[in-house]
Amino acid sequence: MKIALDPFMHRHLSLEALPSKVVELGYDWIELSPRGDFLEWFKAPRVFPDRVKTFRKALSDANVGIASLLPMYRWASNDEDERRAAVRHWKRAIEIAVEMGVDTMNSEFGRGPHPDKGGCYSCHGESVIESCEDAWWRSMEELVPLFEKEGIQLNIEPHPEDWVETLQPSVDLIRTVNSKNVRFLYCTPHTYYFGDDTVAMLRECADVLAHVHIADTFNHKASSGLRYIINPPGSSARVHQHLNIGEGEVPWDDFYRTLAEIGFDGIMTACVFAWEEKADQSGKFMRSEMQRLVDTYFK
């Protein structure tokens with residue numbers, strides 16, 4: 001099992017400074033999420049040979065590995081120009097993974113087109129969701145053979161506001177891809193969007209589960225929908241958050257016990273985003289708590 005840190009809260013650091021910070025916080029692995037000087041959000045990668053060289057040296061000097069690269073492109077956009085651009089960016093990101101010696105990438109099913117052109121899940125009807133799913137399948141037809149050729153595993157998660165944001169049909173979609181290189185990522189702060197029964201959901205996805213994101217959250221559906229209060233009343237806005245373990249309502253003992261029971265041995269990433277003003281403390285706490293829970297249940 002690889003226990004990694006998503007260093008989003010440390011994105012102000014240079015790529016060269018990042019590995020030593022990760023070691024300082026207790027980690028040996030990085031899950032590198034989008035940042036402006038590498039895999040930029042939705043845009044072409046900002047990567048060139050010298051940048052790869054200096055980053056690889058910093059990783060080697062600190063004895064830190066990249067567990068996964070996390071690109072975010074509009075591969076499910078129903079705007080064909082956007083979708084084609086996203087596929088181009090994905091192909092370059094795959095090349096970068098090969099250059100960096102990284103064998104795993106992860107991403108989300110996608111929120112469809114650029115917000116200026118609308119949304120996918122909450123703002124529009126079923127026809128837009130269908131067209132976004134169709135766009136995603138067209139992208140997968142191009143990309144899955146490349147993942148298989150390069151020996152790279154792709155782990156995908158549903159995300160709030162994606163064209164699919166629940167455990168099902170996400171898991172069946174991944175099974176339908178029918179590639180050993182495409183697996184499922186269970187993101188714990190999205191638990192209450194996925195469904196309600198953590199144990200049942202983990203058992204349901206066990207055959208394709210390869211990656212978990214670890215952060216706490218509140219059940220936004222609880223307390224008559226008032227666990228979070230949104231103003232003005234009646235707003236269609238929904239909330240989710242990435243908190244430290246113990247600050248929300250994810251049933252952590254059930255979660256880790258079930259992971260052990262299903263034989264999970266993939267990537268486990270700390271992905272807290274709520275505490276940038278105390279990012280170091282959060283990173284150290286999460287590393288300690290994740291190890292404690294692993295030691296308790298993985299025997």
Side-chain angles (χ1 to χ4, degrees), residues 1-11 13-19 21-23 27-60 62-76 85-110 136 139-140 142-157 159 174 177 179-187 210-214 242 266-271 273:
M1 185 188 305
K2 295 177 181 178
I3 298 179
L5 175 70
D6 180 339
F8 183 76
M9 293 195 296
H10 295 87
R11 63 192 179 281
L13 296 176
S14 69
L15 283 168
E16 293 75 20
L18 198 56
K21 170 58 71 174
V22 168
V23 171
Y27 299 82
D28 300 319
W29 297 95
I30 295 173
E31 179 178 316
L32 194 64
S33 54
R35 46 183 289 152
D37 58 355
F38 207 72
L39 300 182
E40 172 67 294
W41 290 90
F42 307 118
K43 300 173 184 175
R46 275 51 165 159
V47 181
F48 42 88
D50 283 350
R51 181 157 286 170
V52 169
K53 180 180 178 180
T54 57
F55 189 26
R56 289 192 67 168
K57 183 178 186 304
L59 289 163
S60 177
N63 197 28
V64 169
I66 297 181
S68 182
L69 292 177
L70 197 178
M72 279 293 296
Y73 305 125
R74 302 189 198 282
W75 60 351
V87 169
R88 288 196 303 272
H89 302 337
W90 261 109
K91 289 178 177 179
R92 176 61 185 131
I94 292 169
E95 290 176 353
I96 292 164
V98 173
E99 292 169 21
M100 296 291 299
V102 177
D103 63 4
T104 303
M105 304 176 82
N106 61 288
S107 194
E108 300 165 3
F109 278 97
W136 181 79
S139 297
M140 294 298 282
E142 293 188 59
L143 293 172
V144 170
L146 190 53
F147 284 114
E148 293 175 340
K149 175 178 178 290
E150 298 295 352
I152 293 175
Q153 181 168 300
L154 172 66
N155 301 324
I156 311 177
E157 64 167 301
H159 188 283
I174 287 170
V177 173
S179 171
K180 64 181 177 60
N181 292 73
V182 181
R183 314 297 281 176
F184 183 64
L185 189 159
Y186 186 111
C187 188
H211 200 150
V212 292
H213 280 172
I214 304 298
H242 291 233
I267 299 171
M268 182 178 293
T269 304
C271 61
F273 304 142

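Excluded from the calculations below are hydrogen atoms, water molecules and symmetry mates; all remaining heavy atoms, backbone and side chain alike, are included. Throughout, residue positions are numbered sequentially from 1 according to the sequence presented.
Residues F147 and Q153 are not in side-chain contact: their nearest non-hydrogen atoms beyond the backbone lie 4.5 Å or more apart. Side chains of L154 and V144 form no contact here, defined as non-hydrogen atoms less than 4.5 Å apart. Between P34 and E40, the closest side-chain pair of non-hydrogen atoms is not below 4.5 Å. In this structure, the side chains of L5 and T269 stay at 4.5 Å or more apart for every pair of heavy atoms.
The minimum heavy-atom distance linking M105 with P71 is given by the pair CE-CG, 3.5 Å. Nearest approach of F184 to I156, heavy atoms of both residues: CD1-O, 3.5 Å. Pairing each heavy atom of M100 with each of F55, the nearest pair is CE-CD2, 3.5 Å. Shortest non-hydrogen contact noted between N155 and A210 is OD1-CB, 3.6 Å. Annotation for P19 and I30: closest pair CA-CD1, 4.4 Å, computed over non-hydrogen atoms. Shortest non-hydrogen contact noted between A67 and I267 is O-CD1, 3.5 Å.
Considering N106, D103, T104 in turn, N106 is the only one that fulfils the side chain to side chain donor-acceptor pair (under 3.5 Å) rule with S68. Checking L185, V212, L70 one by one against E157, the side-chain contact (heavy atoms from CB on, under 4.5 Å) holds for a single residue, L185.
A cation-pi geometry, defined here as NZ or CZ lying under 6.0 Å from the six-membered ring centre and within 45° of its normal, holds between R11 and F8.
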Side-chain atoms of residues 87-94: list all donor-acceptor pairs with protein atoms under 3.5 Å, sequence neighbours left out, distances to 0.1 Å.
from	atom 1	to	atom 2	distance (Å)
H89	ND1	A85	O	3.4
R92	NH1	E95	OE1	3.2
R92	NH1	E99	OE2	3.0

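In this structure, S60 has no side chain to side chain donor-acceptor pair (under 3.5 Å) partners at least two apart in sequence or on a different chain. Partners of K2 according to the side chain to side chain donor-acceptor pair (under 3.5 Å) rule, which considers only residues two or more places apart in sequence or in another chain, do not exist here.
For the pair R51 (side chain) and R46 (backbone), a donor-acceptor distance under 3.5 Å is present. At distances below 3.5 Å, not a single donor-acceptor pair connects side-chain atoms of R183 with backbone N or O atoms of N181.
Distance check, rounded to the nearest 0.5 Å: CG of L69 to CG of L39 gives 5.5 Å. Residue L59 holds its CG atom at 8.0 Å from CG of L18, rounded to the nearest 0.5 Å.
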Take S107 and Y73, measure what side-chain contact (heavy atoms from CB on, under 4.5 Å) needs, and give me the verdict at the end. CA-CA 9 Å; S107 194; Y73 305 125; over 6 Å; no
